[in-house]
Amino acid sequence: MNRREFLKISAALGAGGAMPALLGGCAPRPLPGAGAVTTSPTVCNMCFWQCAGTLYQEDGQAWKVVGNPDDPHCDGRLCTRGSAGIGAYSDPDRLRQPLLRVSEGGAQRFEPVSWDAALDFIAEKMNTIGEQYGKDRIALFSHGGGGKHFRRMLQAFGSHAYAHPSFAQCRGPRETAFGLTYGEGVGSPDRTDMSNSRCIVLIGSHLGENLHNSQVQTLIQGLNNGATLITVDPRFSVAASKSKYWLPIKPGTDIALLLAWMNVLINEGLYDRDYVARYCSGFDRLAAHVQPYNPEWAYLETGLEPARIRETARIMATAAPATLVHPGRHVTWYGDDTQRSRAIAILNALLGSWGRPGGFYQQEKVALPEFPVPQPPPPKDDWKAVVQGDFPLVSTGISNKLVEHSVGPDAYIKGWFVYATNLPMTLPGANEQIKSAAESLDLMVVVDTMPAEISGYADVVLPECTYLERYDDLRNAPERTPTLALRMPAFPPSHETKPAWWMAKGIAERLGLGEYFPWQDYTEVLEWQLKQAGSSLAEMQRIGVKRYPRKTPVYFADDQPAEFSTPSGRIELYSTLLADAGQHPLPRYTPPERPPAGFYHLNYGRSPAHTFGRTINNPQLFELMPENTVWVHPSAAARLRVASGDYVALENPDGLRSNGIRVRVTERIRPDSVFLVHGFGHSDQRQRLARGVGADDAALMHNVKIDPIMGGTGMRASFVTLVKREVS
Ligand code: MGD
Ligand code: SF4
């Protein structure tokens with residue numbers, strides 16, 4: 001079957017309807033009428049911060065969703081996207097029933113089929129793959145809690161290959177770097193203690209536009225308490241506008257700045273000597289390593305004045321240990337990202353902020369046992385050795401490597417399950433590779449709530465009900481205050497949609513693996529777990545969030561030794577694991593490539609109104625932000641002869657062009673860069689609001705730099721120019 005007919009299939013499905021009647025019609029009503037109001041607890045799924053909230057209905061009609069005041073993830077307030085959760089439920093373009101690709105007379109189309117037919121087809125294909133190539137050849141890509149059920153089903157079958165793009169396309173470098181330095185990662189929610197900080201340094205972390213709820217709230221608390229904010233960003237971001245110091249760094253030169261800051265702290269004796277002596281190893285090697293990298297050297301790389309570099313280093317030291325050099329979140333930039341994240345980890349150690357108030361607190365979760373199910377048989381094959389053997393320091397799956405190993409007749413991977421991740425807009429510059437993989441694979445199953453682009457390649461599309469229509473696992477995230485939070489259905493599943501656990505169980509039963517899903521309904525699992533945690537489903541349905549007392553201190557205690565899971569048992573400024581792996585054990589600066597004549601650095605970020613590409617079609621959020629614009633500096637605009645409001649295409653050096661996008665001329669961006677919000681430029685015709693509006697940055701990335709330590713995709717090394725077009 002030739003999956004290159006992707007667009008045709010999508011177009012055929014989308015052709016039926018006019019613009020949805022529900023446009024704007026699904027917005028929650030502002031005030032209740034005289035009807036009966038009911039509430040149910042939920043955990044927001046509009047992004048992965050997982051704020052707990054309450055869904056209000058009046059006479060069975062959705063009214064509003066608001067934050068739960070007992071929840072430390074949100075402190076009673078949902079962000080713009082969370083408040084628009086009802087739009088995800090009522091989106092008229094949602095997937096409605098299982099779809100099966102059929103071929104008739106040489107033409108392909110998706111045919112709506114029964115759940116039995118869809119699950120029978122999948123189980124049969126899996127068995128065929130197992131017989132033909134071995135049972136370990138099916139990979140899972142997943143972004144979200146429901147992926148866990150498919151993972152269990154696949155592991156029981158014999159397939160263990162698994163990746164989530166939040167690692168190799170997002171925070172993998174920082175988790176790897178902090179793991180190498182402190183023996184543990186930053187985790188999610190990030191363990192930053194900003195409400196107690198006296199100095200906060202944001203390096204390409206645009207909090208305020210990046211809207212992770214409580215993180216933004218604690219930043220504001222810190223600022224209200226008088227913290228000094230230093231923002232390092234080539235763009236005058238919202239955070240930069242709140243800063244005492246904005247350092248408009250040349251893109252890709254952050255390691256140079258970080259080395260210079262270390263140089264100043266060490267040479268001026270401003271680092272925390274007691275902390276370093278007590279907890280760290282490798283200080284002498286670090287001190288020798290940073291000697292050449294003084295602020296004058298850094299000026300030539302970063303364009304930042306040496307005096308400014310010294311001044312900001314001294315401010316950090318004065319506020320330490322309540323200084324937080326923020327570890328960032330989306331940190332796959334230039335391919336040297338683990339090195340940059342290591343430099344940030346080390347700088348924090350020199351300031352003594354890890355484990356201290358105002359720096360990084362220690363997280364704790366509720367001790368919640370897993371529902372007892374049989375252990376899957378151990379893998380027959382070492383898939384990581386085959387797929388990502390070049391990255392021995394990484395235990396997490398690397399999505400881009402899995403895709404690479406799915407292309408061609410001899411590829412190791414023969415089937416994909418894709419749960420809630422739209423790979424064409426997530427993996428940079430990988431559209432052709434994904435198409436080739438789709439042509440090579442024997443089975444592709446996509447599980448989604450929306451007709452995302454990846455579903456155009458699927459053999460089977462399974463429609464999941466939205467988070468407001470299902471139970472999911474209890475939220476038990478590592479936090480300052482351990483809590484459990486319940487997501488429960490406010491509405492029955494719409495159309496023919498089902499929750500992920502139900503689908504995975506159905507496939508497992510058809511494969512003779514039903515013992516791995518020994519419940520009829522997921523409430524049995526939740527009830528059992530809550531009983532172990534001294535609660536019950538009835539209690540959680542009433543309160544939504546339950547807090548538990550901490551068992552460990554929030555910060556390092558002076559009278560107790562701190563433990564670090566590194567080879568030396570100390571904070572490793574010099575990484576022995578990197579040295580053993582033949583990588584640079586101390587942060588190494590690599591100058592980034594500069595744009596060819598006539599081109600600009602392609603810079604991208606988030607908007608408070610959207611989460612990646614997954615919310616563009618949400619009618620409420622679309623109304624708030626219906627398209628992205630490309631930011632251009634006035635000097636570049638003059639050179640390119642474009643003005644605000646002009647309609648252009650972005651073109652990369654390979655000649656690949658984006659959809660049309662409007663220009664925004666602004667001094668908030670450096671003359672050598674352009675900027676756009678990620679997530680726009682959908683091509684799938686079935687998303688009737690999102691299709692064709694704005695440009696997709698990921699598709700334009702032609703110069704993806706692979707991190708030699710953790711295999712992630714550096715996404716900021718690409719260039720574009722602007723080509724004027726007529727409004728279509
Ligand atoms: P980006 O969106 O990549 O990452 O949020 P962040 O971790 O903040 O941040 C882009 C910032 O980096 C921009 O301000 C850009 O100008 C700057 N930048 C670009 N190049 C450089 C450089 O070379 N050096 C420096 N110092 N800065 C540079 C992502 C985070 O946001 C993540 S990972 C997720 S999963 C969430 N997604 C999300 C969302 O989709 N929507 C909203 N509203 N909030 C979100 N929060 C989270
Ligand atoms: Fe929802 Fe916003 Fe919280 Fe994300 S940060 S979970 S979108 S309320």
Side-chain angles (χ1 to χ4, degrees), residues 141 143 163-177 204 234 251-255 328-341 387-388 390-391 394 396-408 421-438 453-454 583 588 590-596 599-606 612-613 650-658 672-676 678-681 695-721:
F141 298 86
H143 200 184
H164 47 95
S166 48
F167 180 75
Q169 280 66 52
C170 193
R171 57 194 168 91
R174 90 166 190 194
E175 296 305 309
T176 306
T253 62
D254 297 79
I255 299 181
R329 180 106 180 169
H330 174 75
V331 290
T332 40
W333 297 357
Y334 291 93
D336 56 358
D337 304 304
T338 307
Q339 290 291 355
R340 189 185 60 257
S341 295
V387 167
Q388 52 188 62
D390 295 345
F391 304 97
V394 172
T396 312
I398 302 173
S399 345
N400 38 304
K401 298 302 291 179
L402 267 176
V403 175
E404 223 174 281
H405 282 270
S406 304
V407 178
T421 177
N422 190 18
L423 295 178
M425 290 181 84
T426 303
L427 296 175
N431 277 347
E432 286 307 315
Q433 202 178 39
I434 291 168
K435 272 186 204 162
S436 307
E453 278 70 16
I454 187 67
Q583 302 285 350
R588 184 67 51 139
T590 317
E593 289 164 34
R594 291 286 161 223
F599 283 82
Y600 300 84
H601 288 280
L602 172 60
N603 186 1
Y604 59 89
R606 321 278 167 162
F612 331 122
L650 304 178
E651 184 174 297
N652 72 16
D654 296 340
L656 196 81
R657 279 198 186 179
S658 71
D672 59 4
S673 306
V674 297
F675 173 84
L676 66 159
H678 168 73
F680 286 85
D696 174 17
D697 53 303
L700 291 164
M701 291 172 187
H702 59 98
N703 195 24
V704 175
K705 300 285 185 191
I706 301 297
D707 187 316
I709 300 171
M710 52 66 71
T713 47
M715 305 189 198
R716 294 219 198 271
S718 292
F719 313 112
V720 289
T721 191

Enquirer: Just grab all the salt bridge (Lys or Arg N to Asp or Glu O under 4.0 Å) pairs involving residues 396-405, residues at least two apart or on different chains.
Expert: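 Non-adjacent pairs meeting salt bridge (Lys or Arg N to Asp or Glu O under 4.0 Å): K401-E404.
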Enquirer: Using a distance-only test with no angle check, is there a side-chain donor-acceptor pair under 3.5 angstrom linking T713 and Q169?
Expert: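 Distance-only check passes for T713 and Q169.
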Enquirer: If we ignore hydrogens and angles and just use 3.5 Å, is the side chain of S718 paired with the main-chain N or O of N703 as donor and acceptor?
Expert: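 Yes.
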Enquirer: To the nearest 0.5 Å, what is the distance between NE2 (H702) and CG (L602)?
Expert: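 Here the rounded value is 7.5 Å.
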Enquirer: Out of curiosity, D254 CG to W333 CH2, how far, rounded to the nearest 0.5 Å?
Expert: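 D254 CG to W333 CH2: 5.0 Å, rounded to 0.5 Å.
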Enquirer: A side-chain contact here means heavy atoms from C-beta on lying under 4.5 Å apart; do S399 and L427 qualify?
Expert: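 S399 vs L427: side chains touch.
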Enquirer: Should Q433 and V407 be marked as a side chain to side chain contact (heavy atoms under 4.5 Å, CB included) after you check the CA-CA gap, both sets of side-chain angles, and the distance that decides it?
Expert: CA-CA 7 Å; Q433 202 178 39; V407 178; 4.0 Å; yes
Enquirer: Could you give the distance from CG (D672) to CZ (R594), rounded to the nearest 0.5 Å?
Expert: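 Interatomic distance, D672 CG to R594 CZ, rounded to 0.5 Å: 6.5 Å.
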Enquirer: Is the shortest heavy-atom distance from the side chain of I454 to the side chain of T426 under 4.5 Å?
Expert: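 The answer is no; the side chains never approach within 4.5 Å.
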Enquirer: For the backbone of D654 and the side chain of N652, can you confirm whether one donor and one acceptor N or O come within less than 3.5 Å of each other?
Expert: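 Checking the backbone N and O of D654 against the side chain of N652, a donor-acceptor pair under 3.5 Å is found.
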Enquirer: Are the side chains of V331 and R340 in touch, meaning some heavy atoms are under 4.5 Å apart?
Expert: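 Yes - at least one pair of side-chain heavy atoms lies under 4.5 Å apart.
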Enquirer: Please enumerate all residues that pass salt bridge (charged side-chain N to carboxylate O under 4.0 Å, His left out) together with R716, with sequence neighbours excluded.
Expert: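 Expected list: none.
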Enquirer: Grab the two heavy atoms, one from P424 and one from E453, that are nearest each other, plus how far apart they are.
Expert: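 Closest approach of P424 to E453, heavy atoms only: CG-CB, 4.1 Å.
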Enquirer: Can you name the nearest heavy-atom pair linking P165 to T421, along with the distance?
Expert: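 In terms of heavy atoms, the two residues are closest at CG-OG1, 3.3 Å.
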Enquirer: Do you know the tightest heavy-atom contact between L402 and V387?
Expert: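 Minimum heavy-atom separation between L402 and V387: N-CG1, 3.8 Å.
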Enquirer: Which atoms form the tightest heavy-atom contact between Q388 and T396, and what is the distance?
Expert: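 Minimum heavy-atom separation between Q388 and T396: NE2-O, 2.8 Å.
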Enquirer: Can you check whether Y334 reaches P251 side chain to side chain, under 4.5 Å on heavy atoms?
Expert: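 Y334 reaches P251 side chain to side chain.
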Enquirer: Hey, what do you get for SG (C170) to CE (M715), rounding to the nearest 0.5 Å?
Expert: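 CE of M715 is found 7.5 Å from SG of C170.
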Enquirer: OG of S673 to NE2 of H601: how many Å apart, nearest 0.5 Å?
Expert: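 So the gap between those two atoms works out to 5.0 Å.
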Enquirer: P592 versus T253: any side-chain heavy-atom pair under 4.5 Å?
Expert: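 In short, these two side chains touch, coming nearer than 4.5 Å.
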Enquirer: Can you label the angle between the Y604 ring and the H330 ring as parallel, tilted or perpendicular, going by 30° and 60°?
Expert: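 Rings of Y604 and H330: perpendicular, as their planes differ by over 60°.
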Enquirer: State, yes or no, whether a side-chain contact exists between I709 and Q339 at a heavy-atom distance under 4.5 Å.
Expert: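 Yes - at least one pair of side-chain heavy atoms lies under 4.5 Å apart.
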Enquirer: Would a 4.5 Å heavy-atom cut-off, applied to side chains only, mark Y600 and L650 as touching?
Expert: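 Side chain of Y600 against side chain of L650, heavy atoms only: no contact under 4.5 Å found.
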Enquirer: Looking at side-chain heavy atoms only, is the closest gap between R606 and F612 below 4.5 Å?
Expert: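 In contact.
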Enquirer: How many angstroms lie between atom CG of N422 and atom CZ of F141, to the nearest 0.5 angstrom?
Expert: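 N422 CG to F141 CZ: 13.0 Å, rounded to 0.5 Å.
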Enquirer: Between D337 and G335, is there a donor-acceptor pair closer than 3.5 Å when you use the side chain of the first and the backbone of the second?
Expert: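 Such a contact is found between D337 side chain and G335 backbone.
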Enquirer: What residues, two or more places apart in sequence or in another chain, satisfy side-chain contact (heavy atoms from CB on, under 4.5 Å) together with P708?
Expert: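 Only Q583 meet the side-chain contact (heavy atoms from CB on, under 4.5 Å) criterion with P708.
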Enquirer: Would you check if the side chain of D707 reaches a backbone N or O of T338 as a donor-acceptor pair within less than 3.5 Å?
Expert: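 Answer holds: yes.
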Enquirer: To check you understand the geometry: which heavy-atom pair defines the closest contact between N400 and G711, and what is its length?
Expert: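 Shortest heavy-atom contact: ND2-O, 3.0 Å.
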